[in-house]
Structures are given as structure tokens and as C-alpha cells.
Amino acid sequence: MSDTAPKGRATRGTAKDEVAKDGAPKDGAPNLPPTSWAVLGLLSFGEELSGYDLKKWADWSLKFFYWSPSYSQIYGELKRLERLGFATSRVELTESTRGKRVYAITEEGMAAVSRWAREAPVEPPVLKHGVMLRTWLGHLMEPARLREILEQHGDYAEKMSRRAAADAGGAAEVAEWAYPELVLRWSQRYYEAERELTRQMLADLDELAAGSAKR
């Protein structure tokens, strides 16, 4: 078989057989972690992508609201998806001495990720806010240090808001990225709100200090 040809499926089981090995019922959606669906979702836009491309695409959009993966995480998910028959790969010859492996979604993969997007339970987002936790422990540090932490967080939120806005502008130029653009706008507003909440917390700290001074 040529190195440039897509990998065939003759030597592996059907997608349903592989899904069953992963512990999901044969007639149901596979029991995959959200990170698998995220990588498969990146492939659902119809382009063949390398692991490097997927990393860039994730950093361009997913990092604002869900995940900023490492290369090892991406390649681990790609192996899982290929094993399930949800993705296929081929080696694309380049001008360099080594070819580049690119990945594409299969029909089974498109059906699976579409079903997951439509039918997965609506789960509440998990908030793990390190700055909020440190503020909760504000009695263990000097007020000036706590303000410094909050101001750094506010600067970060402002930076992320600007980046999301810039990436949303880029997405607006491609018709197929209409929904990623909407989510990037959502991300922009989220970080704007986080910046405002940080300002309010700094004002609350001033009020707390003023009340303590009167006692």
C-alpha cells in the first residue's frame, strides 16, 4: 500500500465493534471524553489536518472556552479516533525528506460527533477559579498583595477579550466558521464580564477596608 494512500479499514473491526470495546453500548453513542469530541469536531470542518494544524486551530478557538491541548494530547486522541474508525490518516508528501501525516473525519466519525452535539446531556460548566480561591483566602495575605493578584487577573481577562475579538474577526471572513465566530464573540463577552467582575471585587475590597478602619 502506498504511504500516501488513506489507511484502509479491512484489517480492523467496524466502528461499532471498536466502540463496544471502549465500553459503550453498540447501539449508542461511544463513551468518549469531551476532549475526543473536541478533536473530532475540529476535523468536522472538512479539511485534512495534521497534528500541528489541530494544535493551531485549538489555540485559535478552543482555548478561549474549553481546552488548550498539548501535542501529546492531540495525538493521543487521534489514535483513539482512528482505532474507533472515526478518523483516518495518510502521509502527505512534502518538499522535506519526511512526509506529513494528515487526518480526516470519516462518515462514521461525522455521524458520531453530530449525534453527540445534538443529544449529549446539557452539563453545567465546571468553575475552577484559582483567583477566586485565593481571594477566599484573603485573610492570609496583605491587602496590597491581594489587590495585586486581582489586578493581574483583570489584565489577563482584558488581554483574552482582545484576542477573542481579533480571532472572531478572522473567523468572520470564512463562511464555514460562522458558529466558531459566534462562540468567539461569546468568549469576548465572557472575558469582558470577568474584567468587570474583577473591578467590582477591587471596589468591594476598598469598601471592606473602609469599614474595618471605622471599627
Side-chain angles (χ1 to χ4, degrees), residues 1-9 11-24 29-117 120 123 125-131 133 156 159-160 163-164 166-167 170-171 176-177 179-180 183-184 187 190-191:
M1 181 180 292
S2 169
D3 285 342
T4 60
K7 290 184 177 180
R9 297 184 208 150
T11 59
R12 63 182 179 221
T14 66
K16 284 189 175 182
D17 290 339
E18 293 289 354
V19 168
K21 292 176 185 178
D22 270 24
N31 185 24
L32 297 177
T35 51
S36 294
W37 297 119
V39 172
L40 195 58
L42 289 170
L43 292 174
S44 73
F45 289 92
E47 295 190 33
E48 287 186 310
L49 299 171
S50 67
Y52 176 76
D53 295 329
L54 287 163
K55 169 65 172 170
K56 288 198 302 182
W57 280 39
D59 287 346
W60 163 72
S61 59
L62 291 178
K63 75 173 183 181
F64 290 105
F65 60 90
Y66 185 73
W67 188 46
S68 183
S70 65
Y71 284 107
S72 61
Q73 288 175 311
I74 288 174
Y75 284 111
E77 294 298 344
L78 288 169
K79 288 180 181 178
R80 188 205 307 263
L81 295 171
E82 279 200 280
R83 186 175 68 250
L84 294 173
F86 290 167
T88 187
S89 69
R90 67 182 181 88
V91 176
E92 184 179 75
L93 296 180
T94 63
E95 294 180 358
S96 63
T97 55
R98 294 183 59 184
K100 178 176 69 172
R101 185 166 294 279
V102 293
Y103 298 82
I105 195 168
T106 63
E107 291 183 6
E108 293 92 338
M110 186 67 78
V113 72
S114 297
R115 179 175 179 179
W116 180 81
E123 299 178 349
V126 177
L127 179 62
K128 294 183 178 180
H129 201 306
V131 175
L133 178 60
Y156 166 79
K159 178 180 69 176
M160 292 296 286
R163 287 183 177 177
D167 287 348
E176 292 79 6
W177 295 348
Y179 289 100
V183 175
L184 285 164
S187 299
Y190 169 84
Y191 285 107

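Quantities reported herein were computed from a predicted structural model and do not represent experimental measurements. Only this structure's heavy atoms are used, side chains among them; waters, hydrogens and symmetry mates stay out.
- In terms of heavy atoms, Leu40 sits closest to Gly109 at CD2-O, 3.5 Å.
- The minimum heavy-atom distance between Ser61 and Phe65, with the atom names listed, is O-CE2, 3.3 Å.
- Open room surrounds OH on Tyr52; 12 or fewer heavy atoms of other groups in view lie less than 6.0 Å from it.
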- Could you walk me through whether Leu42 and Leu62 pass the side chain to side chain contact (heavy atoms under 4.5 Å, CB included) test, one step at a time? CA-CA 9 Å; Leu42 289 170; Leu62 291 178; 4.0 Å; yes
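- The pair Lys79-Glu82 fails the salt-bridge criterion, with no side-chain N (NZ, NE, NH1 or NH2) lying under 4.0 Å from an Asp/Glu carboxylate O.
- With rounding to the nearest 0.5 Å, the separation of CZ in Arg80 from CG in Leu84 is 7.5 Å.
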- Message: Under the criterion side chain to side chain contact (heavy atoms under 4.5 Å, CB included), I'd like the reasoning laid out for Trp37 against Glu77: C-alpha separation, chi angles, the key distance, then a yes or no.
- Response: CA-CA 9 Å; Trp37 297 119; Glu77 294 298 344; over 6 Å; no
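- In this structure, Ala171 and Leu184 approach most closely via the heavy-atom pair CB-CD1, 4.2 Å.
- Inter-residue side-chain proximity for Pro34 and Trp67 is flagged as unmet; no heavy-atom pair is nearer than 4.5 Å.
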- Pair Tyr190-Phe64, side chain to side chain contact (heavy atoms under 4.5 Å, CB included): steps then yes or no: CA-CA 9 Å; Tyr190 169 84; Phe64 290 105; over 6 Å; no
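- Every side-chain contact (heavy atoms from CB on, under 4.5 Å) that Lys100 has, sequence neighbours left out, goes to Ser50, Asp53, Glu92, Thr94, Val102.
- Atom CE of Met160 is separated from atom CG of Asp167 by 9.5 Å, given to the nearest 0.5 angstrom.
- Listed by chain and number, the residues in a side-chain contact (heavy atoms from CB on, under 4.5 Å) with Ala111 amount to none (sequence neighbours excluded).
- Judged purely by atom type and a 3.5 angstrom limit, Ser36 has no side-chain atom pairing as donor or acceptor with the backbone of Leu32.
- Shortest non-hydrogen contact noted between Ser44 and Val113 is CB-CG1, 4.4 Å.
- For Trp60, the ring-ring contact (aromatic ring centres under 6.0 Å, His included) test picks out Trp177, with sequence neighbours left out.
- For the salt bridge (Lys or Arg N to Asp or Glu O under 4.0 Å) condition, the pairs that include at least one residue of residues 56-72, sequence neighbours left out, are Lys55-Asp59.
- Legend: residues meeting side-chain contact (heavy atoms from CB on, under 4.5 Å) with Ser70, ordered by chain and number and at least two apart, are Ser72, Gln73.
- Shortest non-hydrogen contact noted between Val91 and Gly99 is CG1-CA, 3.8 Å.
- How far CG of Leu49 is from CG of Leu54: 5.0 Å, rounded to the nearest 0.5 Å.
- With Ser89 contributing its side chain and Arg101 its backbone, the two residues share no donor-acceptor pair below 3.5 Å.
- For Ala87 against Leu43, the heavy-atom pair with the smallest separation is CB-CD1, 4.1 Å.
- Applying the side-chain contact (heavy atoms from CB on, under 4.5 Å) criterion to Tyr75, with sequence neighbours excluded, gives Tyr71, Leu78, Tyr103.
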